[in-house]
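Below you'll find the structure, written out as structure tokens, and then a few comments.
In what follows, residues are counted from 1 in the order of the sequence shown. In each ligand, atom 1 is the first atom listed, and ligand 1 is the first ligand listed. Here the structure is a predicted model, which is why all the values come from computation and not from measurement.
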Amino acid sequence: MGESVKIRYKGKVIDLPVEEGVMGEKGIDISTLRKSTGMITIDPGFVNTGSCKSAITYVNGEEGILLYRGIPIEQLAEKSTFLETAYLLIYGNLPNKKEFDEFQNQIIHHTMIHESAKAFYDGFPPNAHPMAVCSAVVGALATFYHDSLDVRNKRHIEISIHRLIAKLPTIAAFSYKKSIGQPFIYPCNMLDYCTNFLHMMFSVPCEVYPISSVISKALDVLLILHADHEQNCSTSTVRLVGSSMCNLFASVSAGIYALWGPLHGGANQQVIEMLQTIYDGGGDVKKYINKAKDKDDPFRLMGFGHRVYKNFDPRSRIIKKICDDVLNKLGIHEPLLQIALKLEEIALKDEYFLERKLYPNVDFYSGIIYKAMNIPINMFPVLFAIGRMPGWIAQWKELQEDKEFKIGRPRQIYVGPPKTDYVPIEERDG
Ligand code: CMC
């Protein structure tokens, strides 16, 4: 008999089992609560609610630990590649050489999108946000691939995985090309994943853009750092949509939209816009720290704070280092970096931020690196989405394979009007 928690209610004692994870974290299993008491639990924002058991990613917010399938993020950032990390997340182990070659080969050979899909881009206005375009085109992939929509068919899932990882960079780069009025650049199978994306972004038919290996390597590490983060907003969205047995394209399309919000993956765009505003206004960093602390001011220090990390975000440390490295190697003096460093320095000594355990998160420095790579600001969240794709896929696949699979369907406490009779329009006031 394992550990349990007892609840006393109306003279009855209800025994609720305690589940323990491999790292010692515990959760009370309340799945029988409503049946035995008639009550549900309320937890706005799911601050205390576990939605699943997962073997993919471990986050310890107090100690600043992030593991993918048990492997520390620091080791993966140093030694792995994005595609190898994608394999690890999706299939649960590091691939051997044969497995990796096969996986990579599949990704390389699925990078093109259907020629008819290019017509979508003519329908979007040129100033469309690329997150909206990417989500729409990813969702529309389901219209082309009827051969891979059965969520209980392993082969269908497999080919959808390859298509999504391979095609998102193409879809993303096409959205940028359309917005600046340049022709689409087709993927080049001789290039590695990140170099290929940069090639599609920056080459033109009359001139191939030389891609610096410093930049493509830095991008690869950034994608690794974004690849999964357990049950965050967009991942939970992907799982919830997938729980209706909806196909992978539609589930991931919903995830891209969830990621777009400024409190989630849209924060990297907001950080640069905030730093630029501070810089343009003369660099008064203290003014913005005070604005962030003022409860009557809706302003928040973007790139600061995290629901889970209450110590530091291990990804932000690695990103800060990459940022220094990339700017040094490219010989770029970035005034926004100076503003960011000042903000961090002041915030990390300020009682308001210390008390609330608000530290720089993954988005604080990533935008400065993207800017150095000449990536336009509205594409920053798209890069987050390209990085997060393996995580969404791994989590969706784990859900579909879960023996306890159930459609997701939260409950609520109703606080609207009590039962009221319909009033005909001629009898209504006013
Ligand atoms: N600037 C100023 N105050 C903040 C900030 C911030 N960035 N973040 C949190 N706070 C305050 C908040 O006002 C509240 O204060 P009080 O207790 O006095 O009411 C307290 O800290 C707790 O905040 P919360 O909103 O209850 O915390 P949360 O866990 O619900 O929100 C968050 C987490 C990431 C949404 C929030 O910290 C935030 O809005 N940060 C800025 C946006 C951002 O950088 N998002 C990227 C997150 S990391 C990438 C990802 O995974 O998406």
Side-chain angles (χ1 to χ4, degrees), residues 43-49 56-62 64-66 68 73 131 222-239 255-275 277-278 285-320 340 343-344 346-370 377 380-392 395:
D43 183 19
F46 310 120
V47 178
N48 294 290
T49 297
I56 301 169
T57 290
Y58 173 73
V59 180
N60 180 326
E62 278 68 40
I65 296 171
L66 170 58
Y68 293 165
I73 191 67
M131 281 298 261
L222 283 169
L223 296 186
I224 293 174
L225 298 178
H226 287 87
D228 193 46
H229 212 240
E230 48 116 311
Q231 308 313 318
N232 54 82
C233 175
S234 57
T235 303
S236 296
T237 301
V238 170
R239 275 187 177 257
I256 297 175
Y257 278 132
L259 185 71
W260 187 9
L263 298 188
H264 193 11
N268 54 16
Q269 173 175 351
Q270 304 267 327
V271 170
I272 284 290
E273 286 169 354
M274 173 188 79
L275 296 175
T277 308
I278 300 175
V285 167
K286 281 212 174 114
K287 177 176 143 193
Y288 285 87
I289 295 275
N290 289 336
K291 270 167 79 62
K293 288 158 58 174
D294 181 356
K295 288 285 153 214
D296 297 325
D297 189 328
F299 175 79
R300 282 194 164 195
L301 201 52
M302 299 314 283
F304 255 75
H306 198 277
R307 170 63 60 79
V308 181
Y309 292 120
K310 300 299 175 196
N311 178 332
F312 66 91
D313 181 336
R315 301 167 299 175
S316 75
R317 285 201 172 157
I318 303 172
I319 290 181
K320 193 174 175 186
L343 271 178
E344 181 182 352
I346 298 176
L348 293 186
K349 286 186 197 140
D350 191 292
E351 209 38 50
Y352 175 94
F353 291 89
L354 291 172
E355 237 173 46
R356 291 168 180 76
K357 301 186 185 336
L358 302 170
Y359 297 89
N361 60 45
V362 68
D363 293 315
F364 194 62
Y365 287 104
S366 59
I368 295 175
I369 312 176
Y370 295 143
I377 292 178
F380 293 1
V382 173
L383 286 170
F384 197 149
I386 295 174
R388 186 53 55 89
M389 182 62 84
W392 288 332
Q395 301 273 350

Give the atom numbers and elements of ligand 1 that come within less than 4.0 Å of a heavy atom of Ala267.
43 (C), 44 (O), 45 (N), 46 (C)

Ligand 1 to Arg307, heavy atom cutoff 4.0 Å, flagged ligand atoms 28 (P), 29 (O), 30 (O), 33 (C)

Is atom 27 (O) of ligand 1 less than 4.0 angstrom from at least one protein heavy atom?
no

Val362 heavy atoms within 4.0 Å reach ligand 1 at atoms 49 (C)

Under 3.5 Å, side chain of Arg307 to main-chain N/O of Gly45, donor-acceptor pair present?
yes

Would you indicate which of Leu301, Val271, Ile289 comes nearest to atom 1 (N) of ligand 1 when only heavy atoms are counted?
Leu301

protein heavy-atom neighbour closest to atom 34 (C) of ligand 1 works out as Gly305 O, 3.6 Å

Nearest-contact summary for atom 50 (C) of ligand 1 - protein heavy atom, Å
His264 ND1, 3.5 Å

Of all the heavy atoms in Gly303, does at least one lie under 4.0 Å from an atom in ligand 1?
yes

Closest protein heavy atom (residue, atom, distance) for atom 47 (C) of ligand 1:
Asn361 ND2, 3.6 Å

Checking a contact table here: which protein heavy atom is nearest atom 10 (N) of ligand 1, and how many Å away?
Leu358 CD1, 3.6 Å

Under 4.0 Å from any heavy atom of Leu263, which atoms of ligand 1 are there?
39 (O), 45 (N), 46 (C), 47 (C)

Could you check whether any side-chain N or O of Asn311 sits under 3.5 Å from a backbone N or O of Gly64, counting only pairs where one atom can act as donor and the other as acceptor?
no

Do Leu348 and Phe353 have side-chain heavy atoms sitting under 4.5 Å apart?
no

Heavy-atom gap Met302 to ligand 1 smaller than 4.0 Å
yes

Just wondering, more than 12 heavy atoms not from Tyr352 lying within 6.0 Å of its OH?
yes

Just to verify, which of Phe364, Tyr309, Phe312, Tyr359 counts as forming a ring-ring contact (aromatic ring centres under 6.0 Å, His included) with Phe304?
Phe364

Parallel, tilted or perpendicular, as decided by the 30° and 60° cut-offs, for the rings of Phe380 and Tyr370:
tilted

Pairwise distance CD(Glu273) to CG(Asn268) - rounded to 0.5 angstrom
10.0 Å

Any idea which of Lys291, Arg315, Lys295, Arg356 brings a heavy atom closest to atom 13 (O) of ligand 1?
Lys295

Side-chain donor-acceptor contact under 3.5 Å, Gln270 with Arg300
no

Do Glu344 and Tyr365 come within less than 4.5 Å of each other through their side chains, counting heavy atoms only?
yes

How are the rings of Phe299 and Tyr288 set to each other: parallel, tilted or perpendicular (split at 30° and 60°)?
perpendicular

Among Phe364, Phe304, Tyr352, whose heavy atom sits nearest atom 3 (N) of ligand 1?
Tyr352

Have a look at Met274, Lys293, Arg300, His226 and point out the one with the heavy atom closest to atom 31 (O) of ligand 1.
Arg300

Which atoms from ligand 1 have a heavy atom of Asp363 less than 4.0 Å away?
46 (C), 48 (S), 49 (C)

